[in-house]
> 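First the structure, then my questions, so here it is.
If you're wondering where the values come from, they're calculated on a predicted model, not measured in any experiment. Each ligand, and each atom within it, is numbered from 1 in the order the structure gives. In what follows, residues are counted from 1 in the order of the sequence shown.
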Amino acid sequence: MARRRESARGSMPLSELLESKESRAMASFGVRDLDTMMRFAPRRYTTPAPLRSLHEVQEGEEVSAIVSVVDVKERRMRSRQGSILEVVVSDGIESLTLTFFLAKQHLVQWHRNQLPVGKHIVVRGTVGLNKQTHEPQITHPLYEDYEDTPEGRMRAQRPLPVYPLKKTIAQRTMRSATEKGVEFGDRLSRPVPAEVVARRGLLPLAEAVRKVHVPWTLAETRAGLAHLVFEEAFVLQAIFAQRRAQDARTPAPALRADGPLQPAFDERLPFELTAGQREVGGQIIDRIRQDHPTSVLLQGDVGSGKTVIALRAMLRAVDSGHQAALLAPTEVLAEQHYRTLTALLGDLARAGQLDGHPDATRVRLLTGSQRTAARRETLLDVTSGQAGIVVGTHALLTESVEFASLALVVIDEQHRFGVDHRRRLRTKGPAGTSPHVVVMTATPIPRTAALATVGDLDVLTLHESPGMRAGVEAFVVHESNPKWEQRMWQRAGEEIAAGRQVFVVCARIDEAGDDAPAPPPMDPESGATPLPVARGVTETAELLASRRELAGARIGILHGRLSTEEKQHVMDRVVDGEIDVLVATTVIEVGVDVPNASVMIVLDAERFGVSQLHQLRGRVGRGRHAGIAFLDTRAVEGSETSQHLQRVASAADGFALAELDLRRRGAGDLVGEEQSGLQRTLKHLDVIRDAEVIEQAREDAFAVVEADPALSSHPDLAGSIEDRLRDADPDVERS
Ligand code: ADP
Ligand code: MG
C-alpha cells in the first residue's frame, strides 16, 4: 500500500463506516474500503415468493407473509445445550409458529428484542409441520420489520442480494453492510466522467450502486450493474490508451534497412510465402520502421507460419545494425526455436565461420542451465553485438543480460508471458529506447476479447495455413467403451509400424504424488461426480509397455521433474526417431515440432483447458503425414463433459476453439491462469456478452486519455487505474 491515492473523495475505510462484525465480514473477501465494497456485486438475487395469506399456505412451500407477533415462548432443549424459541405469528386469520434453535443465550435475547408481541414483520421461509403438534411452522425464517405503507409493501417484495459467503458469515451481515454503504454513494470515486455516464445512458454511480445492493425490482439491478460493467471496461481501456500514448512518446530504434540479410534469407526460403504471410509481414515491417515502439500481437493457428514472419522482422533488426531476441516460455522450447532458426538461416547464421555467408550474423542460445564457460562466451556475443539474434527464455529480460543494441523482442506464446511484463522491456533498447515487441500466439481470440485483454497491442492475424501441413483429425474416446479404447491403441501401433511416432499426454507425473493440477471445473453446475484420479506419466509408461497393440515400441518419458539435460536428451532421441511413444506431461504443449509424429493421445482430456487441448492437437500432423488426436476420457458418454470434449474435437480451428473456450470459461479466465493479472481481476465484464460495451468504453476512454494524457483533470480515473494495476500485478514497476 505504498502510494495510496489521496483524492478529495478518497475511499472511506469500512472500519469507520460499519460495525466491526460487518467490516470483518467484508475484510474476509479482501474488501476494506467503501469503493471496493460498492463494487462487490451480489452473486444473484432472490425474489421473495409473492405475499400470501397464511391459510393458503401448504407444507413444503416457500412463502413470504406479513404477520404480527402474537406470542413468544422459550424452552430448554432436551438433548443439547441451548433453547428453542417459538414465536407465534398471525395474519389476523391464521397463525403459524416460527421456530429457532439457539445454542447461545445472547441470540435468544437478540430475537426476543426484535420480535416483541404486537410487532409487524415480513417473514420468509419454507413451511414445515411440527413433528409433535402437526401444526405449520417455519424453522429459522428470515424476517424483517414491516411498515404498513405502500412503500413498506413494496419493500417486503423486493429482491434480495445474495452475496458470496464464507463460513461464520451470515448473509444478513453482508446485506446490512452494503445497505449502509449505499447511503454514502456520493462519497464514491467516479472513474467514468459524468459526461460519459450521461451520454451512454448509464445511471449515475450512486444510484447505480443503490440499485445493485438495495434494489426494488430485478430490472433495476440490471441497470445498476450496467454502470459497473461499463466502468470496468472503461478503466481497462484507459490503461491501454495510456500505454499507447506512452509508446507514442517513447523513442525506439527505427528499423529501416532493406538488406542484406533479409532479402538473402527470402531467396533461400524453400517455399513461397503465402499471401497472408506477405501481408502481415509487410504490416509488421511498416510498424518497426517507426521510431516509436510498436507492440503487435501476431496470431495464427499452430503451423500458420508465424515464426518465419518473425524471423524476417528479426533479420531487419540485424540489417539495421541492432539485435533481436526471441523468447520462449520454457528452455525446451527455446532450444527448439534455436534449432529452427539456425536451420532456416543456414550459412546466414554462421558469421565468422569458414562456411559462413559474408553477410552472416550469429544466433545464440542463452539458457539458465548452460555451463558457465559456454554461457560466458554467449554473453560476450550478446554484449558485444556479435550475436544478431539471441534466443532464450523470459529470464533473458529479468536477468541483467546486457544487450549491445536490442531493437526487437519476439515473444512466443503470450500465454505464459503476462501483458504487464512487457513493461519491463522499456529502456532495454539502445540509449534508453524501447525495443519493438511482437508477441506470437497460436490461441487466437475474437476481436472484442482481444480489445479487452490485449488492447494495447495491434492484432495481426494469419488466417490461412501453408498447404503443406497434412492436418489433424480429433476424436473423443470414452474408456467406458473398451472397443474404442482398443482401437485407439491399435491405431497408435499401426502408425508406429509405419515409422511414425506417438505422443501420450498425462495430466500428472505420478499417480501417487500430489503434482496433479487442480482439474478445471468442467461441470460447475452439475459438478456431482468427482473426477477420478488422473493417470500419471510413470504409471502410464509402464502400462503401455505391456499393451499388446504397442508390443516392441520404444517408450520414453518426459516431464518437468527431469533435469534440463535429461529433457533435452529425450527430445533429441524423439527427433532422431529413437523413441516411438513419448509419454509426457504438458511440457510438450507448446512449440514442440516433430514432423514425424502423427498420433496424439491425451489421457483424462477433461483435465485440460480448451487452449491446451488445441495446442496438444497441433503437435501432430505437422509434416506430410496426417495426424490423429484422441481425447481420451473416463467421463460418461453424453455427459456435459463428454459433449464439451466433442465440441473441442470437432472445432474447425483455433478461432472456433477460442470462442468455445471464452463462452465456457468467461473472461476472468481468458487465457489461462498464468495470464497476466489484468484480465484476472475482471469482476463484472464478460468479454463475449459485453462486446458492445467494450467497443464503447474503448472509444470513450481513448478520447479522454487523448485529451488529457496525464489525467490531471480525472483524478478518480487515475486512481482507479493505479488500483487496477496494483491488483493485477504488484511486482511490476509502474511509471
Ligand atoms: P507457427 O510458428 O505459426 O506455428 P511456423 O512458422 O513454425 O508456424 O511454420 C510451420 C511450418 O510450416 C514450418 O516448418 C515452416 O517452415 C513451414 N512454413 C512456413 N511458411 C510456409 C509457407 N509459406 N509454405 C510452406 N511452408 C511454410
Ligand atoms: Mg511456431
> Less than 3.5 Å between some nitrogen or oxygen of Phe271 and one of ligand 1, yes or no?
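Looking only at distances, the answer is no, because the N/O contact criterion of under 3.5 Å is not met.
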> Would Thr633 and Glu606 count as having a side-chain donor-acceptor pair, cut-off 3.5 Å?
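There is such a pair between these side chains.
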> Which of the atoms of ligand 1 are close to Val308, meaning less than 4.0 Å from one of its heavy atoms?
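Result: 6 (O), 19 (C).
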> Mind checking side chain to side chain contact (heavy atoms under 4.5 Å, CB included) for Thr361 and listing every partner two or more places apart, or none if nothing turns up?
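Thr361 satisfies side chain to side chain contact (heavy atoms under 4.5 Å, CB included) with Leu261, Val318 only.
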> State plainly whether the residues Asp458 and Arg244 are in salt-bridge range, i.e. N to O under 4.0 Å.
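The answer is yes: the pair qualifies as a salt bridge.
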> Could you tell me if any non-hydrogen atom of Gly300 lies under 4.0 Å from any atom of ligand 1?
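So Gly300 does not count as touching ligand 1.
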> Give the contacting part of Thr274 toward ligand 1: side chain, backbone, both or neither, where contact means a heavy-atom distance below 4.0 Å.
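It is both parts that get close, each with some atom under 4.0 Å.
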> Kindly write out the residues that satisfy salt bridge (charged side-chain N to carboxylate O under 4.0 Å, His left out) with Arg350, not counting sequence neighbours, or none if the list is empty.
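Checked Arg350 against salt bridge (charged side-chain N to carboxylate O under 4.0 Å, His left out); matches are Asp355.
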> Which atoms of ligand 1 are found less than 4.0 Å from any heavy atom of Leu273?
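Close to Leu273: 23 (N).
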> For Asp258 and Gln262, does a side-chain donor sit closer than 3.5 Å to a side-chain acceptor?
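Their side chains do not contain a donor-acceptor pair, so the 3.5 Å distance test is not met.
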> Can you tell me which portion of Glu272 lies within the under-4.0 Å heavy-atom range of ligand 1? Options are side chain, backbone, both, or neither.
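It is the backbone that touches ligand 1; the side chain stays farther off.
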